[in-house]
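See structure below.
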Amino acid sequence: MIANNPELMTLSEEYERSKLDVKDAYAGLGPTIDLQVSGTYMPNPPIDTVYVNVDDIINSIQWPGGVKPAGSGQYVKVFDGMEDTLYNFQLSLTQPIFTWGKLKNAIDLYKQVSEIKKTQIDSKQQQLETELRTRLVSLYYLNKISQIIDEEKQYAKRLVEVSENAEKSGMLLHQDVVDARIQAKELEIAQQDLQEQITSQLLELTHSTGIEDLTFEQLDFDVSDEEIISVIQKDRREMLEKALSGEQITIKLLTQLKEVSNISTKIAKGFENWKPDVALQASATYGGSRVPFFEPNWQRKDDYSINISVGLKTTIWDGGKKLRDVSRKISESKTADINQLDARSSIKKNFNEQWNTAEVCTMKMEYQDLKIEACDSKIAQKETVFKTGYGSETDVLSAKIDRCNQQIEKEKHALTRAAACMTLDYLCK
């Protein structure tokens, strides 16, 4: 069941994801580093080769004595022209400095959510284990009832035969024969209903455990009445206190949910107006025709820049939205308190109901034992009278059928008591 139950597997995957959320929250404390790279290819660069006329240079110079060299009409290349490629690189780093505890509280929040997921797994496993035990115990008692019905059917079948023979000899009315047939048919219907219950329990076990085509013969288990009733033999007050303690799985889960609400309130308060977040940002950029450090004379071109800045961001006014968010979180925290109180009340109510059910069923089983003892005495009396020739076999068979009915009632009460005791055991875990 632990390996194959779909609900447990789903909760396990949710727990694994929650641990990743915790790691993400821790990562928020550190810096965020981004890199942007772009490359452009230009078949026809916008800037071509640049030439300067030597004569223009000569004419622009103030020569001493007014004597200047003669013009040559030559041109000098001063720029080779823009290359076909253009690259841009930007590396930026953002480091939170002060956030009013939002990052730390976020870590606490995700850690608490992860703990809740773990508690949900434990809760579901305990629930499924109790359900598994209950179904196995149900199958145990249903099988015992089925065996009693098989025995009772033999008595009913014989009763029909004897009644039919007695009718032929004029010793019984036809109505008595019909009554015997009705009784036999009722047993067939009861056995069919019982078989459907057994099949239903097996299908539920198949779903819980993932074992395909599970049959009753494959089950290897036994039921100890002493172990079952040992639950209600303990001190009732101590058991109830344990069921309502903080260690009880349901109470523990609600306590964790309350803590989540409290942390959420702290985070919401960190977003209130006029509470700025402060962060450090540093960036390094480069733009040029070659990738960094491969451009000719890259040291002299000054295509690089480094910037360091401190930023501050806060909400001045938003119409009161953030204040209302805080009020909502406070309300959710109060709701968690109410849910915890309600859960304790429900657990106490369920505990008392199950305890009373177990005690009443024990009394009913003792009552059925007395009725079975009376039936045994009646059967012995009827058999004695029948052997002396003064009684009829139908009286003996009717007495045996009545005994089977009393046994079935006892097993039903035993099943109800077992379910109540296992529920009590689950409530106290």
Practice task
Give a yes or no on whether a salt bridge exists between Arg135 and Glu131, defined as a side-chain N under 4.0 angstrom from a carboxylate O.
Solution key: yes
Problem - Side-chain ion pair, Glu16 and Lys117, N-O less than 4.0 Å - result: no
Handout entry: Shortest non-hydrogen contact between Ala156 and Leu187, atoms and distance
Key = CB-CD1, 3.6 Å
Practice task
Enter the distance from Phe216:CZ to Leu136:CG here, rounded to the nearest 0.5 Å.
Solution key: 9.5 Å
Handout entry: Gln191 vs Asp150, side chain to side chain donor-acceptor pair (under 3.5 Å): CA-CA, chis, key distance, verdict
Key = CA-CA 8 Å; Gln191 191 171 49; Asp150 286 337; 2.3 Å; yes
Fill in the blank from the handout: Heavy atoms of Leu244 and Ile251 approach each other most closely as O-CG1, 4.4 Å
Handout entry: Sidechain N-carboxylate O distance under 4.0 Å for Lys349, Glu353
Key = yes
Practice task
Could you tell me whether the side chain of Tyr41 reaches within less than 4.5 Å of the side chain of Pro43, counting heavy atoms only?
Solution key: yes
Handout entry: Straight-line distance of Asn405 CG to Arg403 CZ, nearest 0.5 Å
Key = 11.5 Å
Fill in the blank from the handout: When every non-hydrogen atom of Ile211 is compared with those of Thr206, the smallest separation belongs to O-CG2, 3.0 Å
Practice task
Starting from the C-alpha separation in whole Å, work towards a yes-or-no answer on side chain to side chain donor-acceptor pair (under 3.5 Å) for Gln340 and Thr255.
Solution key: CA-CA 7 Å; Gln340 195 171 55; Thr255 302; 2.6 Å; yes
Handout entry: Salt-bridge contact Asp122-Lys252 (side-chain N to carboxylate O under 4.0 Å)
Key = no
Problem - Expected output: side-chain Ser200 to main-chain Gln197 donor-acceptor under 3.5 Å - result: no
Handout entry: Minimal non-hydrogen separation, Pro96 against Gly28, with atom names
Key = CG-O, 3.8 Å
Exercise for the section: Give me the one residue out of Arg417, Lys144, Lys364 that meets salt bridge (charged side-chain N to carboxylate O under 4.0 Å, His left out) with Glu411. Expected result: Lys144
Practice task
Answer with yes or no whether the side chains of Gln406 and Asp402 bring together a donor and an acceptor at under 3.5 Å.
Solution key: yes
Exercise for the section: Flag the pair Lys185 and Glu188 as a salt bridge only when some basic side-chain nitrogen lies within less than 4.0 angstrom of an acidic carboxylate oxygen. Expected result: yes
Exercise for the section: Could you grab the distance from atom CG of Leu427 to atom CE of Met422, nearest 0.5 Å is fine? Expected result: 12.5 Å
Exercise for the section: Under the salt bridge (charged side-chain N to carboxylate O under 4.0 Å, His left out) rule, what do Glu409 and Lys371 come out as? Steps first, then yes or no, please. Expected result: CA-CA 10 Å; Glu409 285 299 314; Lys371 295 186 73 172; over 6 Å; no
Practice task
Go through the steps to decide whether Thr32 and Thr94 satisfy the test side chain to side chain donor-acceptor pair (under 3.5 Å), and finish with yes or no.
Solution key: CA-CA 5 Å; Thr32 300; Thr94 303; over 6 Å; no
Problem - SB check Arg181 Glu164 (cutoff 4.0 Å) - result: yes
Problem - salt_bridge(Glu7, Lys124) N-O dist < 4.0 Å - result: yes
Handout entry: Asn307 side chain to Ala282 backbone, donor-acceptor under 3.5 Å
Key = no
Handout entry: Any donor-acceptor N/O pair, Gln218 side chain to Thr215 backbone, under 3.5 Å
Key = yes
Practice task
Go through Gln112 and Gln256 one step at a time and tell me if the side-chain contact (heavy atoms from CB on, under 4.5 Å) criterion holds.
Solution key: CA-CA 7 Å; Gln112 192 65 41; Gln256 291 175 331; 3.3 Å; yes
Handout entry: Distance-only side-chain donor-acceptor flag, Asp395 / Ser398, under 3.5 Å
Key = no
Exercise for the section: Output the distance between atom OG1 (Thr314) and atom CG (Asn273), rounded to the nearest 0.5 Å. Expected result: 7.0 Å
Exercise for the section: Verify whether one side chain among Lys242 and Gln248 offers a donor that lies under 3.5 Å from an acceptor in the other. Expected result: no
Practice task
Would you check if Trp100 and Asp277 make a side-chain contact, meaning some heavy-atom pair closer than 4.5 Å?
Solution key: yes
Exercise for the section: Could you tell me whether the side chain of Ser331 and the main chain of Ser327 form a donor-acceptor pair under 3.5 Å? Expected result: no
Practice task
Would you tell me whether Ser333 and Thr265 have side-chain atoms, one donor and one acceptor, within less than 3.5 Å of each other?
Solution key: no
Practice task
Answer yes or no: is there an ion pair linking Lys269 with Glu272, defined by an N-O contact shorter than 4.0 Å?
Solution key: no
Handout entry: Closest non-hydrogen atom pair between Leu29 and Gln95, with its separation
Key = O-NE2, 2.9 Å
Exercise for the section: Please confirm whether the backbone N or O of Lys348 pairs with a side-chain atom of Asn352, one donor and one acceptor, at under 3.5 Å? Expected result: yes
Exercise for the section: Output yes when a side-chain donor or acceptor of Lys102 lies under 3.5 Å from a complementary backbone atom of Thr99, and no otherwise. Expected result: yes
Practice task
Evaluate the criterion salt bridge (charged side-chain N to carboxylate O under 4.0 Å, His left out) for residue pair Lys118 and Glu115; output intermediate values, then yes/no.
Solution key: CA-CA 5 Å; Lys118 181 65 172 62; Glu115 287 298 318; over 6 Å; no
Problem - Rounded distance [0.5 Å steps], OG1 in Thr250 versus CD in Gln127 - result: 9.0 Å
Practice task
Indicate yes or no: does Glu383 engage Lys400 in a salt bridge with an N to O separation below 4.0 Å.
Solution key: yes
Practice task
Give a yes or no on whether a salt bridge exists between Asp325 and Lys321, defined as a side-chain N under 4.0 angstrom from a carboxylate O.
Solution key: no
Practice task
Give the ring-plane orientation class for Phe221 versus Tyr140, where under 30° counts as parallel, over 60° as perpendicular and anything between as tilted.
Solution key: perpendicular
Exercise for the section: For residues Ile229 and Cys421, report the shortest heavy-atom separation together with the two atoms involved. Expected result: CA-SG, 4.5 Å
Exercise for the section: Calculate, to the nearest 0.5 Å, the distance between atoms CD1 and CD belonging to Ile149 and Gln195 respectively. Expected result: 10.5 Å
Practice task
Check for a donor-acceptor pair, side chain of Ser138 on one end and backbone N or O of Thr134 on the other, with a separation under 3.5 Å.
Solution key: yes
